[in-house]
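Below is one structure, written out as structure tokens; comments come after it.
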Amino acid sequence: MDEIKQLVTDIKKRNFKPIYFLMGEEPYYIDKISDYIQETVLTEDERGFNQMVLYGRDVTIDEVVGNAKRFPMMSEYQVIIVKEAQDLSRTIENLVEYAKNPQPSTILVFNYKYKTIDKRKSLYKALNKTAIVYESKKLYDNQVPGWINRVLSGKNYSITPKGAQMLTEFLGTDLSKISNELDKLIIVLPEGTQITPELIEENIGISKDYNNFELHKAIGYRDVVKANKIIKYFGENPKDNPMVLTVGFLYTYFSRVLHLHGLKDKSSRSVAAALKISPYFTEEYIVAARNYPMKKVSAIISDLRAFDVKGKGVGANAVPQSDLLKELMVRIMY
């Protein structure tokens, strides 16, 4: 986040670099930075002659370089944005000579999504001397709630820990998707609102009572009735609650419980730091560790691997998801 803030600050101050090579697994910030350059560097009048958007599948590196070497018309700069630049991956090293000596009046932006260039090769070394190279890394599941908090805080909103966890479990780590859902909430809720599970259910449609977060809690506290109600709901709504995700989340959950068993210091602060979770959730994990001895947790993790395969249709083609989930709950809780 600090790197992005500095990058945006420099652009605001018109302290430009001739090349911005934006790459990495997480497209959200690549798009945000690229869009910011596209919308702010040139005035509306200047854009007509001096701003160009190219697509990697439609151009060659030689064509990009040819355009970049031109001079702007009645403007200090021209802006060239190459979207889907990863489609040029086979020939991207051909950019190296231009990267060594770029046109100072051109701002050339590459949106190189879902992959990175080889940092051992000449292009990366050349770009590091003359350009901004930004790598947008995918967030881990445990990092997403913190990201949601930061985004909302910047817009004068807040969210409960359970609300942030609900969004993470339902939407995954796709920051663009999460951002879209947060925008929906911000449109309908007054500034300063604390976003709760009830507001999420009402405005986004994620059930506050029947979700993986509540399933983990019910299992951890050995609340058999509640766990079976959630599993029944999942079985009746398989499109919104695919078994592969439920098993994946349970695997993460019990892997953390297993990790907790191995900790010498089981204080709330130590558990939160070791498991990389919010302190809000540590009590649940501590209770789960009491209810599920290490040997049982190891057996559950083994079962989850087997049910992950079954849930994908291997060796269980004719078994409904609802029946597999019921059998899984029996194995976990008894």
Side-chain angles (χ1 to χ4, degrees), residues 1-16 20 22 24-44 109 111 113 132 134-214 217 240 268-269 272-273 275-284:
M1 288 294 289
D2 290 340
E3 186 180 358
I4 295 166
K5 287 178 182 176
Q6 185 59 55
L7 199 158
V8 171
T9 298
D10 287 342
I11 293 170
K12 281 182 179 177
K13 293 179 178 178
R14 301 189 70 76
N15 180 19
F16 302 126
Y20 290 84
L22 314 174
E25 290 295 322
E26 177 50 67
Y28 177 80
Y29 285 116
I30 293 174
D31 287 334
K32 284 289 185 183
I33 295 167
S34 176
D35 290 346
Y36 186 74
I37 292 171
Q38 186 174 342
E39 293 164 6
T40 62
V41 170
L42 302 179
T43 66
E44 191 172 345
V109 183
N111 292 6
K113 297 179 180 178
I132 289 288
Y134 171 71
E135 183 175 351
S136 185
K137 295 181 180 179
K138 202 88 173 170
L139 294 186
Y140 294 112
D141 289 346
N142 65 293
Q143 295 174 312
V144 175
W147 182 87
I148 292 172
N149 272 296
R150 289 193 297 273
V151 169
L152 289 173
S153 178
K155 298 180 180 182
N156 199 25
Y157 288 81
S158 61
I159 188 168
T160 65
K162 181 179 175 180
Q165 194 68 32
M166 280 174 61
L167 289 175
T168 302
E169 292 195 351
F170 189 77
L171 300 170
T173 60
D174 186 330
L175 300 188
S176 296
K177 187 187 292 185
I178 296 170
S179 179
N180 288 338
E181 296 301 331
L182 293 180
D183 287 342
K184 291 177 187 177
L185 289 169
I186 288 169
I187 288 171
V188 298
L189 300 175
E191 191 172 333
T193 298
Q194 183 180 54
I195 296 169
T196 62
E198 289 76 15
L199 289 172
I200 292 171
E201 182 176 48
E202 181 181 340
N203 293 284
I204 297 180
I206 306 171
S207 173
K208 65 180 177 61
D209 297 315
Y210 298 99
N211 55 63
N212 283 295
F213 170 80
E214 291 296 331
K217 190 172 182 180
D240 293 331
S268 181
R269 181 179 294 181
L275 303 189
K276 297 180 180 179
I277 58 174
S278 166
Y280 178 84
F281 300 112
T282 55
E283 181 61 25
E284 176 190 331

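- Between the CD atom in Gln6 and the CG atom in Asn15 there is a gap of 9.0 Å [rounded to 0.5 Å].
- A distance-only check finds a donor-acceptor pair linking the side chain of Glu169 to the backbone of Phe213 [under 3.5 Å].
- A 4.5 Å side-chain heavy-atom check between Leu175 and Tyr29 finds at least one atom pair inside the cut-off.
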request  = Quick one: do Ile11 and Tyr20 satisfy side-chain contact (heavy atoms from CB on, under 4.5 Å)? Show the steps, please.
outcome  = CA-CA 11 Å; Ile11 293 170; Tyr20 290 84; 4.0 Å; yes

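- At distances below 3.5 Å, at least one donor-acceptor pair connects side-chain atoms of Ser207 with backbone N or O atoms of Asp209.
- Taking all atoms of both residues into account, the shortest heavy-atom contact from Pro190 to Tyr157 is O-CE2, 3.2 Å.
- Residues passing the salt bridge (Lys or Arg N to Asp or Glu O under 4.0 Å) test with Glu214 are Lys162, Lys226, sequence neighbours excluded.
- Summarising the geometry of Gly172 relative to Val144, their closest heavy-atom pair is O-CG1, 4.2 Å, with the distance given to 0.1 Å.
- Counting heavy atoms from C-beta on, the side chains of Gln165 and Phe281 come closer than 4.5 Å.
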Donor-acceptor pairs under 3.5 Å, side chain of residues 196-204 to any protein atom, not counting sequence neighbours: which ones?
unit_1 : atom_1 : unit_2 : atom_2 : d
Thr196 : OG1    : Glu198 : OE1    : 3.4
Thr196 : OG1    : Leu199 : N      : 3.3
Glu201 : OE2    : Lys208 : N      : 3.4
Asn203 : ND2    : Leu199 : O      : 2.9

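- Interatomic distance, Thr193 OG1 to Ile186 CD1, rounded to the nearest 0.5 Å: 10.0 Å.
- Considering OG of Ser34 and CD of Glu39, their distance stands at 9.0 Å, rounded to 0.5 Å.
- Taking both residues in full, the closest heavy atoms of Phe170 and Asp240 are given as CE1-O, 4.2 Å, listed atom of the first, atom of the second, then distance.
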message = What verdict does the side-chain contact (heavy atoms from CB on, under 4.5 Å) test give for Leu182 and Leu167, after you've listed the backbone C-alpha separation in whole Å, the side-chain angles of each residue and the deciding distance to 0.1 Å?
response = CA-CA 9 Å; Leu182 293 180; Leu167 289 175; 3.8 Å; yes

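- Judged purely by atom type and a 3.5 angstrom limit, Thr40 uses its side chain to pair as donor or acceptor with the backbone of Tyr36.
- In this structure, Tyr28 OH and Thr173 OG1 are separated by 14.0 Å, a value rounded to the nearest 0.5 Å.
- Heavy-atom minimum distance, Lys113 versus Asp31: NZ-OD1, 2.8 Å.
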inquiry  = Please determine whether side-chain contact (heavy atoms from CB on, under 4.5 Å) holds for the pair Phe16 and Ile37, giving the CA-CA distance in whole Å, both sets of side-chain angles, and the decisive distance to 0.1 Å.
reply    = CA-CA 10 Å; Phe16 302 126; Ile37 292 171; over 6 Å; no

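- Between the NZ atom of Lys32 and the CG atom of Leu7 there is a distance of 14.5 Å, given to the nearest 0.5 Å.
- Here the shortest heavy-atom pairing between Lys155 and Asp183 reads NZ-OD1, 3.4 Å.
- Closest non-hydrogen pair, Thr282 versus Ser268, comes out as OG1-OG, 2.7 Å.
- The existence of a salt bridge linking Asp10 and Lys5 is excluded, since no basic side-chain nitrogen approaches an acidic carboxylate oxygen closer than 4.0 Å.
- To the nearest 0.5 Å, the span separating OG on Ser179 from CD1 on Ile148 amounts to 10.5 Å.
- Side chain of Arg269 to main chain of Pro279: no donor-acceptor pair is present (N/O by atom type, distance under 3.5 Å, no hydrogens or angles).
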Return a table of donor-acceptor pairs under 3.5 angstrom between the side chains of residues 136-143 and protein atoms on other chains or two or more places apart.
unit_1 : atom_1 : unit_2 : atom_2 : d
Ser136 : OG     : Glu26  : O      : 2.7
Asn142 : ND2    : Lys276 : O      : 3.4
Gln143 : OE1    : Tyr140 : N      : 2.7

